Amino acid sequence: MKVGAIFSNRYALLLGFSGWFLLFSLLLRIVFLVWQLNDLDLSVVSLLKILATGLLFDIGVLSFLFVISTLYLLLIPQRFVGSLLDKIAIFFGFSITLLIFVFTFFAEITFWEEFKCRFNFVAVDYLIYTFEVIQNINESYPLYILIPSMLFITGIIFYYFYKNDFFAKTFSTKTPFKNRIIPFVISLFLMLFYVFFISNSNAEWSENRYNNEISKAGIYSFFAEFRNNKLDYKTFYSSISDEEAFKLVRTNLKEDNEQFINNDYSIKRKISDSLDSNLKPNVVFILIESLSASFMTEFGNEYKITPFLDSISNQSLFFKNLYATGNRTVRGMEAVTLSIPPTPGQSIVKRPNNSNLYTVSNVFKDKNYQCNFFYGGDGYFDNMNAFYGGNGFDIYDRGRGSILGNEVKTTRHNIDDSEVTFENAWGICDEDIYNKMIKVADEYHQKKKPFLNFIMTTSNHRPYTYPNNKIDIPSGTGRNGAVKYSDYALQQMFAKAKNKPWFKNTIFVFIADHCASSAGKDEIDVANYHIPAIIYGQNLIQPQKVTKLCSQIDIFPTLFGQLHWNYTSNFFGTNVLSNSYKERALMGTYLKLAHKTDNDVMILSNQKHNANYLWNATSNHLQLVPMNKAKLDETISWYQTADYLFINGKLK
């Protein structure tokens, strides 16, 4: 049966719009193909597969639009066809839909520029945190050009449809009710087919990540990621028995000075140090936004944009082979605060029931420390205030929103305008947040109370703006300037702290939340998870360059080891400097979960697909190798047990 026999002229506008959408989606896909041409695994077959898969997902987007449109055309009585009511509804619906789709095409280009992928959880978060995002867009892109351009393109397309009588045909054709049922039923079945049988993972047919991302459709990816907010581990990932999983992970966690407290499904253990000390130095812990290891001279950077970190690394415990667990700030927070591998779906920082967990604050509070969390923006963003406020920290931020969560009982301090010299979309500049931290440190020193001051920085983030005349790179000109300013602000903070009476009894920890970019052509771009970590303490920490493979989750357990503390651990991280430490790194995206040992990388994917790779550090490429069942089970054990403990409330 021909399309014309099913869809009368009443559907002309809908069919015309569909043709326009498919054409523009194809053109956008070609733009991305040219953009990443050097990174693609491109052949005639793979090109055809990219285009065919892309068409499949584009039709999926249209199926949802068809259901809404055909339902309207089905329900409106014949006598109203072409009426003022009908014209207002169709003109308005078409205009808004067209503008949204044009905006989406623009947004996909800017999103690709930043993340080298289609819409993902970042885009979902951006929809929620509109204030920061709108401000960031306003400060990062020339809206005076973008907005008129979108409106102009929308107007041109609207005029084309109007001039070519698509509207006239739609308003002048009356179709019997029984003939309108068929398009609606076809559209409904097509939409349900996509809902139940087509997932975003169907686009992941290639070992090259760029091939897969270009095969996807942005709108479809957005809603697919929205649905994947929470993933049940055993439903979507390969698993083993819980008993075997905990047996394997406890074997990997066990160190000579540890004793597990329970024999059930638990990792809780007592850490005993033969040199048990009463040392209670203050700790200033700085989680630095987007600081890739590759920015430091120590790792080959030639632009000299981290002079302070380069210099202090030689006086510190410097981790040269440490990897982030994820590609978002909340993943870095989760890793260092909970000392846990990344669980699939959304970070624990943003999930329900994430208060009163056993975090590093419990270790400090058991030793009578004051724990404070500092953020230069509104801590409502990414649920930071609710997470840290609900887990033992007092909050210092530029609050506009409220702390979320019924169980949150904490003290919140607003950073006053008088304490701010520079502010952009994401918050006050790093110098300002450090100055606030130093003031608070002075207060607790006067009270003779040791403190953990945890600072999350913001300056090394698009739009890369910072106070003028601080460094030799103009504000807002790119990532190198933001990195250099972040380093400059650290240097200024350190210089001021040196003059404080609490300095000699303070340990400083500098570590990145994640790399500046995690995107690459492989499932997991290993090099783009490599971050620096530094523990400095004058006369407290013995300088050493640590080359062991390790993870963000190990940073606090290693610090506790350096302090020779006895404490209770419910952490997956361990002391890297222990003689019994087992080298490994754990990293992931929202759906991919990786386990690296030496150059062997095992990756778990949803739909229970797993792959074993050999990583070539020189070329930064993963080469598929035969599956190692023992390594697979070990990888599963890390992630399955982490998910089990959180879901079953055993991280409380």
Side-chain angles (χ1 to χ4, degrees), residues 1-29 51-105 154 157-200 202 216-224 227:
M1 183 180 289
K2 294 182 179 180
V3 173
I6 301 173
F7 295 93
S8 69
N9 280 343
R10 178 67 171 154
Y11 298 87
L13 188 62
L14 176 60
L15 294 175
F17 181 90
S18 301
W20 165 82
F21 172 74
L22 294 176
L23 175 62
F24 264 59
S25 292
L26 175 62
L27 292 175
L28 182 63
R29 205 162 271 117
L51 298 179
T53 306
L55 179 61
L56 173 71
F57 281 94
D58 289 341
I59 293 173
V61 173
L62 288 176
S63 71
F64 291 85
L65 180 63
F66 262 64
V67 167
I68 297 170
S69 302
T70 57
L71 179 62
Y72 168 78
L73 297 175
L74 172 67
L75 296 180
I76 188 170
Q78 287 270 52
R79 66 179 182 276
F80 288 118
V81 172
S83 68
L84 179 62
L85 176 66
D86 186 36
K87 288 180 178 179
I88 290 174
I90 289 178
F91 273 125
F92 179 78
F94 179 83
S95 301
I96 291 298
T97 304
L98 179 61
L99 182 60
I100 289 172
F101 277 51
V102 169
F103 169 79
T104 300
F105 287 131
T154 301
I157 297 168
F158 185 94
Y159 179 76
Y160 171 83
F161 279 95
Y162 183 83
K163 192 70 174 175
N164 286 276
D165 296 330
F166 285 92
F167 288 100
K169 291 176 183 177
T170 300
F171 295 139
S172 63
T173 306
K174 295 186 178 182
T175 308
F177 183 81
K178 62 180 181 179
N179 290 357
R180 286 179 274 152
I181 294 176
I182 297 174
F184 173 71
V185 171
I186 292 174
S187 302
L188 182 62
F189 272 99
L190 184 62
M191 183 195 76
L192 293 175
F193 171 75
Y194 276 91
V195 169
F196 291 106
F197 298 106
I198 304 296
S199 70
N200 234 22
N202 292 123
K216 297 175 183 177
I219 297 174
Y220 201 94
S221 292
F222 178 88
F223 286 101
R227 291 177 64 193

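Along the sequence shown, residues are numbered consecutively beginning with 1. Predicted model only: the values in this text are computed from it and were never measured.
In this structure, Leu13 CG and Tyr11 OH are separated by 13.0 Å, a value rounded to the nearest 0.5 Å. Remark: Leu14 CG to Phe94 CZ distance equals 10.0 Å, nearest 0.5 Å. Atoms CG and CZ, from Asn9 and Phe166 in turn, are 10.5 Å apart once rounded to the nearest 0.5 Å.
Counting heavy-atom neighbours within 6.0 Å of Phe103 CZ, excluding the residue itself, gives a total of 12 or less.
Between Arg29 and Leu55, the closest heavy-atom pair is NH1-N, 4.4 Å. Nearest approach of Tyr162 to Phe167, heavy atoms of both residues: CA-CD1, 3.6 Å. Shown here for Ser63 and Gly60, the closest heavy-atom pair between the two residues is OG-O, 2.6 Å. Considering all non-hydrogen atoms of both residues, Tyr194 and Tyr220 come closest at O-OH, 3.2 Å.
Remark: Thr104 pairs with Ile100, Glu108, Phe119, Ile219 by the side-chain contact (heavy atoms from CB on, under 4.5 Å) rule, at least two apart or across chains. Qualifying side-chain contact (heavy atoms from CB on, under 4.5 Å) partners for Thr53, counting only residues two or more places apart in sequence or in other chains: Lys49, Phe57, Ala203, Trp205, Ser215. With sequence neighbours excluded, no residue forms a salt bridge (charged side-chain N to carboxylate O under 4.0 Å, His left out) with Arg180. Scored by the side-chain contact (heavy atoms from CB on, under 4.5 Å) test, Thr97 finds Phe17, Leu65, Phe101 as partners (sequence neighbours excluded). With sequence neighbours excluded, the residues that form a ring pair (Phe, Tyr, Trp, His ring centres under 6.0 Å) with Phe197 are Phe193.
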### Verdict with supporting geometry, Leu26 and Asp58, side chain to side chain contact (heavy atoms under 4.5 Å, CB included)
CA-CA 9 Å; Leu26 175 62; Asp58 289 341; over 6 Å; no
#### Entry: side chain to side chain contact (heavy atoms under 4.5 Å, CB included) between Phe64 and Val195, worked out
CA-CA 10 Å; Phe64 291 85; Val195 169; 3.8 Å; yes
### Task
May I have the step-by-step check of side chain to side chain contact (heavy atoms under 4.5 Å, CB included) for Leu27 and Phe105, ending in yes or no?
CA-CA 10 Å; Leu27 292 175; Phe105 287 131; over 6 Å; no
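Side-chain contact between Ile157 and Phe24 is present, with heavy atoms from C-beta onward closer than 4.5 Å.
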Acceptor/donor pairs from residues 70-88 side chains to any protein atom, 3.5 angstrom cut, sequence neighbours excluded:
from: Thr70; atom 1: OG1; to: Phe66; atom 2: O; distance (Å): 2.6
from: Thr70; atom 1: OG1; to: Val67; atom 2: O; distance (Å): 3.4
from: Tyr72; atom 1: OH; to: Asp86; atom 2: OD1; distance (Å): 2.6
from: Gln78; atom 1: OE1; to: Thr175; atom 2: N; distance (Å): 3.3
from: Gln78; atom 1: NE2; to: Thr175; atom 2: O; distance (Å): 3.0
from: Ser83; atom 1: OG; to: Phe80; atom 2: O; distance (Å): 2.6
from: Ser83; atom 1: OG; to: Asp86; atom 2: N; distance (Å): 3.3
from: Asp86; atom 1: OD1; to: Arg10; atom 2: NH2; distance (Å): 3.2
from: Asp86; atom 1: OD2; to: Arg10; atom 2: NH1; distance (Å): 3.0
from: Asp86; atom 1: OD2; to: Arg10; atom 2: NH2; distance (Å): 3.3
from: Asp86; atom 1: OD2; to: Gly82; atom 2: N; distance (Å): 2.9

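Put simply, the side chain of Ser25 never gets that close to the backbone of Leu22: no donor and acceptor are under 3.5 Å apart.
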